[in-house]
Amino acid sequence: MNYDHKTIEQKWQDKWNKDQLYKTSDDQDKLKYYILDMFPYPSGAGLHVGHPKGYIATDVTARMKMMQGFNVLHPMGWDAFGLPAEQFAIKTGTHPAITTKNNIDNFRRQIKMLGFSYDWDREINTTDDEYVKWTQWIFLQLYHKGLAYEAEVPVNWCPELKAVLANEEVVDGKSDIGGHPVLRVPMRQWMLKITDYAETLLAGLDDLDWPHSIKELQRNWIGRSEGANVDFYIPAIKENLTVFTTRPDTLFGATYMVMAPEHPFVKTLVKPEQKDAVNQYIDNASKKSDLDRTELNKEKTGVFLGAHAINPVNGEEIPIWISDYVLMSYGTGAIMAVPGQDQRDWDFAKTFNLPIIRTVKPSEEFDGEAYTGDGPAINSAFLDGLQVEEAKAKITNWLVNEGKGEKAIQYKLRDWLFSRQRYWGEPIPVIHQDGSPSPLSESELPLLLPEVEKYEPAGTGESPLANISEWVEVKDESGNIVGLRETNTMPQWAGSCWYYLRYIDPKNSEKGWDEAKEKYWMPVDLYVGGAEHAVLHLLYSRFWHHVLYDLGHVSTKEPFQKLFNQGMILGQDGTKMSKSRGNVVNPDETVDTFGADAMRIYEMFMGPLDKAKPWSTTGLQGCARFINKLWNIFFDEDGKLLSKINNESADKETLRALHQMIKKISDNLDQLHFNTCVSEFMIFTNHLQSQNSINKDVLKTFVVCINPFMPHLAEELWASLGESTELSYENWPFYEESLLESDTITIAVQVNGKRRSEINVSTNAKEDEVLEKAKASEKAATFIEGKEIVKEIYVKGRIVNIVVR
RNA sequence: GCCCGGGUGAUGGAAUUGGUAGACAUGACGGACUUAAAAUCCGUUGGCUGAAUAAGCCGUGCCGGUUCGAGUCCGGCCCCGGGCACCA
């Protein structure tokens with residue numbers, strides 16, 4: 001009889017539910033284990049089979065940790081603000097809250113059908129009033145710490161749609177919807193000063209157990225550079241133009257300067273005869289789309305201002321240009337150009353016939369243009385002969401002593417643009433009074449979204465909220481307008497920045513979370529999610545966490561101790577699953593046909609968790625087949641326990657197979673190598689299948705082992721073996737070292753490193769004995785015969801190598 | 001261009017971290033059961049030479065090195081995936 005997944009899986013899920021089996025207590029006597037999934041955005045399309053891959057992995061881990069005696073926190077929730085629900089609202093008039101609720105109900109149903117051990121009492125939703133309250137509360141903490149400010153920042157303005165677009169809505173400089181041109185226009189925005197935390201966010205990475213590549217990504221994103229700020233005196237306006245450079249050692253090769261077109265000095269510096277050209281250049285630059293600016297191999301452009309600066313090291317007068325290859329947003333918005341050692345400067349110098357001086361002697365074989373490698377300084381007066389690092393140190397000291405510069409550190413990281421001109425987000429709890437912002441007090445939170453009739457943007461670039469005057473206008477008792485509410489809302493990142501803290505204490509109405517509980521549960525021990533969040537989500541939430549730590553609201557410096565990125569599941573055709581490609585595999589059908597346990601082990605068996613893999617229906621069938629095979633080891637045609645399952649003591653070979661399996665899966669689970677665990681189950685099942693008599697206790701131990709992977713099947717088998725204790729909290733088995741080894745082992749015999757034969761020896765055989773037997777073994781002997789033995793190597797329990805000449 | 005990953009049978013992948021390469025699974029082929037099919041079970045399955053489940057040679061992207069021994073370590077190259085991209 002086959003395993004009846006429909007009946008059995010439903011039966012146990014109902015029981016778990018009824019018994020509230022996975023309700024997490026805050027009982028602090030036990031060691032805790034906090035295992036977190038990146039919570040999903042509940043889209044209208046529902047789940048495809050790729051989404052739960054990470055959830056399966058965390059569920060397996062969570063269930064194993066429970067069995068190992070840990071108090072496990074494994075929650076699930078919804079990142080429910082976001083654009084799609086708002087766009088649907090614009091199209092249909094359906095309130096985003098309704099769309100969101102429906103989508104969540106569907107997601108929850110789909111997730112539940114896989115039999116996960118989530119504590120659903122801790123489910124959270126970023127759009128709940130009580131949740132929004134604490135998101136806003138954290139914003140106020142940031143505000144009061146001086147980390148939130150308003151600024152004029154360029155945004156993606158689409159005149160045709162009369163709306164500000166998110167970056168992801170802009171494709172190749174055009175609007176995603178309709179393909180209309182998108183301009184960069186400055187508008188008032190809320191910013192968060194993440195740059196203040198650049199250094200600590202960088203340093204914090206060192207101790208985290210994260211994938212190397214993700215740490216590297218974040219390091220690059222933060223982009224720390226060490227160098228110097230150098231002052232160039234401009235006689236015409238009697239002011240210094242400060243530049244940042246990582247190569248102060250090349251100062252003697254600075255033959256001109258370049259400022260960003262937006263640099264504030266441009267207007268005062270430009271000579272009358274250059275004014276027209278400069279203004280035209282500035283105008284063109286502002287119209288350039290992002291695409292134009294990043295175009296590869298593009299020609300350098302620029303205009304001479306007519307002004308000069310003095311090179312502080314040699315008093316030379318050098319011209320000042322403007323060009324859009326210099327960015328206002330990095331460093332000081334101006335550079336010293338050293339074409340001899342910088343390719344961009346070289347290209348610019350060649351285009352405009354500016355002088356090039358090498359200050360580092362290139363290596364002999366060098367035949368490129370700008371030379372960026374190491375070498376002795378040349379044409380650099382007192383630096384001549386010094387290697388780059390030495391020269392940097394010397395010139396920096398010189399600059400400091402002369403009062404012409406200082407050591408400096410720059411970051412690529414920019415402040416976080418925190419406002420969105422949208423309806424479906426957390427309102428920013430600020431009122432503008434007399435032109436300056438004042439935050440709401442804590443007691444006024446949450447500030448909730450008003451009902452609106454239309455979800456379209458206001459048309460002015462403001463959010464739909466701007467049209468609701470009764471909400472925007474804050475009045476005193478006598479009806480006078482005393483302030484205007486902020487109409488921007490927070491980005492979707494806001495809610496996901498701290499959700500891991502809310503899970504700890506999801507129902508607390510007094511606080512975002514209780515300190516004692518936070519201290520017990522934090523940090524997250526294992527965080528699993530897609531690599532697409534490598535930078536933004538993980539950097540933003542680390543930033544908030546660092547701030548909360550500095551304010552004393554959390555007890556750990558970092559939120560996520562260990563991070564793991566699951567790889568995507570691709571369609572059968574090897575491309576990304578998408579509706580348009582028609583290669584989406586639906587989990588509802590999969591579970592209906594093959595069962596939740598089959599889907600669970602298949603997704604774990606596919607390969608290493610972090611690798612992308614194409615879906616294979618035959619592979620899934622193989623896993624369903626395996627489950628049936630295992631089922632048929634227990635039951636006969638009528639579903640009765642087979643009589644070959646008995647209390648006769650297990651043979652040595654079976655015990656060895658059992659304990660080897662326990663050892664391997666225990667080790668592999670710790671390393672998140674789920675695929676090899678499944679193959680261990682298969683190996684042991686194959687072994688059991690060949691047995692005529694099977695000891696009941698062996699099977700019980702086996703059932704305990706498979707439980708994290710196939711909890712429904714395991715429960716059914718557990719009950720069939722007459723057990724009534726709670727399998728989910730059964731002790732995880734230990735392996736016995738003494739049972740792992742057999743009496744005899746097979747040793748490969750190599751001659752000159754080539755395997756020639758193998759011999760069986762007793763496990764504790766002495767080296768001499770093994771070597772004798774190896775040399776005497778038939779095949780090996782023919783290769784040794786007539787040769788001189790130079791060396792004999794024996795690696796205990798593994799291999800013999802006889803070196804002959 | 002720069003920074004990370006990664007190249008192992010027809011396919012997904014194993015390999016105790018320097019010690020018998022290809023576990024486990026999929027697919028394919030052969031067999032058993034069946035009137036037949038499905039399901040199930042039992043074999044075979046890296047390549048080449050061979051009648052052979054005799055023996056040998058080759059084989060982990062390519063070239064070279066270290067070592068008694070290299071998928072694993074070192075040097076150089078090629079290809080694929082991801083990220084960043086005028087960041088001074």
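Residue numbering restarts at 1 for every chain, and letters A, B, ... go by the order of the sequence lines. For clarity, every value in this text was computed on a predicted model and none was experimentally measured.
At B/C58, one or more side-chain N or O atoms of A/K754 fall inside 4.0 Å of OP1 or OP2 (strictly under the cut-off).
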Which atom pairs link the protein and nucleotides 64-75 of chain B when you take only N or O atoms and keep those under 3.5 Å?
from  : atom 1 : to     : atom 2 : distance (Å)
B/C68 : O2'    : A/N801 : ND2    : 3.1
B/C68 : O2     : A/N801 : ND2    : 2.5

For nucleotides 54-56 of chain B, which of its nitrogen or oxygen atoms have a protein nitrogen or oxygen under 3.5 Å away, and what is each distance?
from  : atom 1 : to     : atom 2 : distance (Å)
B/A55 : OP1    : A/K779 : NZ     : 3.2

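The residue A/K664 sits apart from the nucleic acid: no heavy atom pair falls under 4.0 Å. Within the 4.0 angstrom heavy-atom criterion, only backbone atoms of the sugar-phosphate kind lie near A/G622; the bases stay farther away. Contact annotation for A/D667: no contact, since no heavy-atom pair falls under 4.0 Å across all strands. A/T676 comes within contact range of the sugar-phosphate backbone alone, with a heavy-atom separation under 4.0 Å but no base atom that close. Residue-level contact check: A/R219 touches neither bases nor backbone, having no heavy atom under 4.0 Å from any strand. Among the protein residues, A/Q689 comes within range of the sugar-phosphate backbone only, with heavy atoms under 4.0 Å from sugar or phosphate atoms but none that close to a base. Within the nucleic acid shown, A/D347 has no heavy atom closer than 4.0 Å to any nucleic acid atom. Contact annotation for A/P211: no contact, since no heavy-atom pair falls under 4.0 Å across all strands. The residue A/S323 sits apart from the nucleic acid: no heavy atom pair falls under 4.0 Å.
Side-chain to base pairing of A/R798 with B/U20: no donor and acceptor N or O lie closer than 3.5 Å to each other.
Relative to the side chain of A/W221, the nucleotides B/C84, B/C41, B/A23 differ in distance, and B/C84 lies closest. Picking from B/U26, B/A25, B/A88 the nucleotide with the shortest atom distance to the side chain of A/I335 gives B/A88.
Ring pair A/F265/A/H263 is perpendicular by interplanar angle, where above 60° counts as perpendicular and below 30° as parallel.
Contact detail for A/I395 and A/D249: the closest heavy-atom pair is CG2-N, 3.7 Å.
Taking atom P in both B/A37 and B/G46, the straight-line distance is 28 Å, to the nearest Å.
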